[in-house]
Number of protein chains: 2
Amino acid sequence: MKYREEIFAVLRFHKLRLTKTRQAVVELFVRNETPLSVPDILLALHKRQAGVNKTTVYRELERLQAIGVLEPVQLGDRKQYYELASRKHHHHLVCLQCERVEDIDMDEAVLFAEERKWSREKHFIILRHSLEFFGLCRQCQAA
Amino acid sequence: MKYREEIFAVLRFHKLRLTKTRQAVVELFVRNETPLSVPDILLALHKRQAGVNKTTVYRELERLQAIGVLEPVQLGDRKQYYELASRKHHHHLVCLQCERVEDIDMDEAVLFAEERKWSREKHFIILRHSLEFFGLCRQCQAA
DNA sequence: TTGACAAATGCAACTAAGTTGCGTTAGTAT
DNA sequence: ATACTAACGCAACTTAGTTGCATTTGTCAA
Ligand SMILES: [Mn+2]
Ligand SMILES: [Mn+2]
Ligand SMILES: [Zn+2]
Ligand SMILES: [Zn+2]
């Protein structure tokens, strides 16, 4: 809930209109702490009788990423996931069997040091990184 | 070149037949140090007049991963890439514009420590991790 | 050297994620 | 209230990956 007003302020700043779909999508991200894909969003909004079009959702997520409200997340399947960029930077534990995802917080100092080192050495401008751990969650270990 | 014989020994050990496609695929990975996707492989083998079927390639990569010859790599697009598992574990610098990929070697001690910590804390069995840095390569910075 | 048998292949049909073009709808500022 | 344009919805399309099944081909034992 806590990021809601800040995000709507960013939308106003970028002169993005407050449409039904945009509002619904933003609120989904505010309420959920897990990364969401387009199929996830379509399913969730369909359940709430909100008729949303997939093309619209794809375009919306692109825009929200462009203005820095959302960040891309890769979870190793062939879907693009997103999360609120306003949350503290973190990484994920992903279950290879049931797709369960847990946030993990770690000290990034080492990663940033590596970024500087390789940026210099390979002449790359590094914009972001992705670090995810894959394995089996507690439930799936039993089965 | 250097992993060729070891890999064929593993194939024999697992009683996998030495077929044309299998041989061609393995040799592509041995020759290329970059991660390869199915579309990459189809294109490469098609250029060399080797008629390969996409279903066969998908199934082949699955098998080679199952016996530990290949490892999955995620580069942030919606393709599954693979690399030789026999190479030293490493990570990647990926250009968001031209898809160029550079290998980077870093000290994993910190990552392994994190794995143990979160494994205990979240009751996950961690099997592998994926760490990739995204940005712009030297060529794409100019453009 | 030759078969037999299973492993591997090829094809067609299919699914799922994501993209594009274009005509229509609807927020917003004046 | 109106006009302007951002945003939307739909249909058609692309690309990555999957599945079932009939056919081919490596391998090993006779
Ligand atoms: Mn997260
Ligand atoms: Mn590599
Ligand atoms: Zn699980
Ligand atoms: Zn580049």
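Keep in mind the model is a prediction, meaning the values are calculated, not measured.
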Q: For B/Glu60 and for A/Ser37, locate the closest nucleotide of DNA chain C by heavy-atom distance; then report the residue assigned to the nucleotide nearer the 5' terminus.
A: B/Glu60
Q) Relative to the 5' end of DNA chain C, which residue comes earlier, A/Tyr81 or B/Lys15, by the nucleotide with the nearest heavy atom? A) B/Lys15
Q: Encode nucleotides 19-30 of chain C as B, S and - characters from 5' to 3', where the letter depends on protein heavy atoms closer than 4.0 Å: B to the base, S only to sugar-phosphate, - to neither.
A: BBB----BBS--
Q.
If the threshold is 4.0 Å, N to carboxylate O, is there a salt bridge linking A/Arg63 and A/Glu60?
A. yes
(Q) Using a strict threshold of under 4.0 Å (side-chain N to carboxylate O), is an ion pair present between B/Arg87 and B/Asp103? (A) yes
Take atom [atom1] of [X] and atom [atom2] of [N], then tell me their distance rounded to the nearest Å.
X: B/Lys79; N: C/dA17; atom1: NZ; atom2: P; answer: 18 Å
X: B/Gln23; N: C/dA8; atom1: CD; atom2: P; answer: 14 Å
X: B/Leu61; N: C/dT9; atom1: CG; atom2: P; answer: 11 Å
X: B/Arg63; N: C/dA6; atom1: CZ; atom2: P; answer: 16 Å
X: A/Asp77; N: C/dT15; atom1: CG; atom2: C1'; answer: 15 Å

**Q.** salt bridge (charged side-chain N to carboxylate O under 4.0 Å, His left out) contacts in which one or both residues fall within residues 107-129 of chain B, not counting sequence neighbours
**A.** A/Glu102-B/Lys122
Spell out, as yes or no, whether a donor-acceptor pair under 3.5 Å connects the side chain of [X] to the backbone of [Y].
X: A/Gln97; Y: A/Gln139; value: no
X: A/Gln74; Y: B/Leu75; value: no
X: B/Asp77; Y: B/Lys79; value: yes

Q: Linking directly or through intermediates, with side-chain heavy atoms under 4.5 Å: list the remaining ILVMFWY members grouped with B/Trp118, chain and number order.
A: A/Leu93, A/Ile104, A/Met106, A/Leu111, A/Trp118, A/Phe124, A/Ile126, A/Leu131, A/Phe133, B/Leu93, B/Ile104, B/Met106, B/Leu111, B/Phe124, B/Ile126, B/Leu131, B/Phe133
Q. CG/A/Leu70 to CG/A/Leu36 distance, rounded to the nearest 0.5 angstrom?
A. 9.0 Å
Q. From the 5' end of DNA chain D to its 3' end, which nucleotides mark the outer limits of contact with chain B, defined by a 4.0 Å heavy-atom distance cut-off (strictly under)?
A. D/dT15 to D/dT27
Q: Please step through side chain to side chain contact (heavy atoms under 4.5 Å, CB included) for the pair B/Val52 and B/Val25, ending with a clear verdict.
A: CA-CA 10 Å; B/Val52 275; B/Val25 167; 6.0 Å; no
Q. Can you pull the ring pair (Phe, Tyr, Trp, His ring centres under 6.0 Å) pairs that have at least one residue in residues 88-112 of chain A, sequence neighbours excluded?
A. A/His89-A/His91, A/His89-A/His129, A/His90-A/His92, A/His91-A/His129
**Q.** Terminal helix-axis angle for the helix from C/dT1-D/dA30 to C/dT30-D/dA1, with five pairs defining each axis and rounding to 10 degrees
**A.** 30°
(Q) To check you understand the geometry: which heavy-atom pair defines the closest contact between B/Val101 and B/Thr34, and what is its length? (A) O-CG2, 4.4 Å
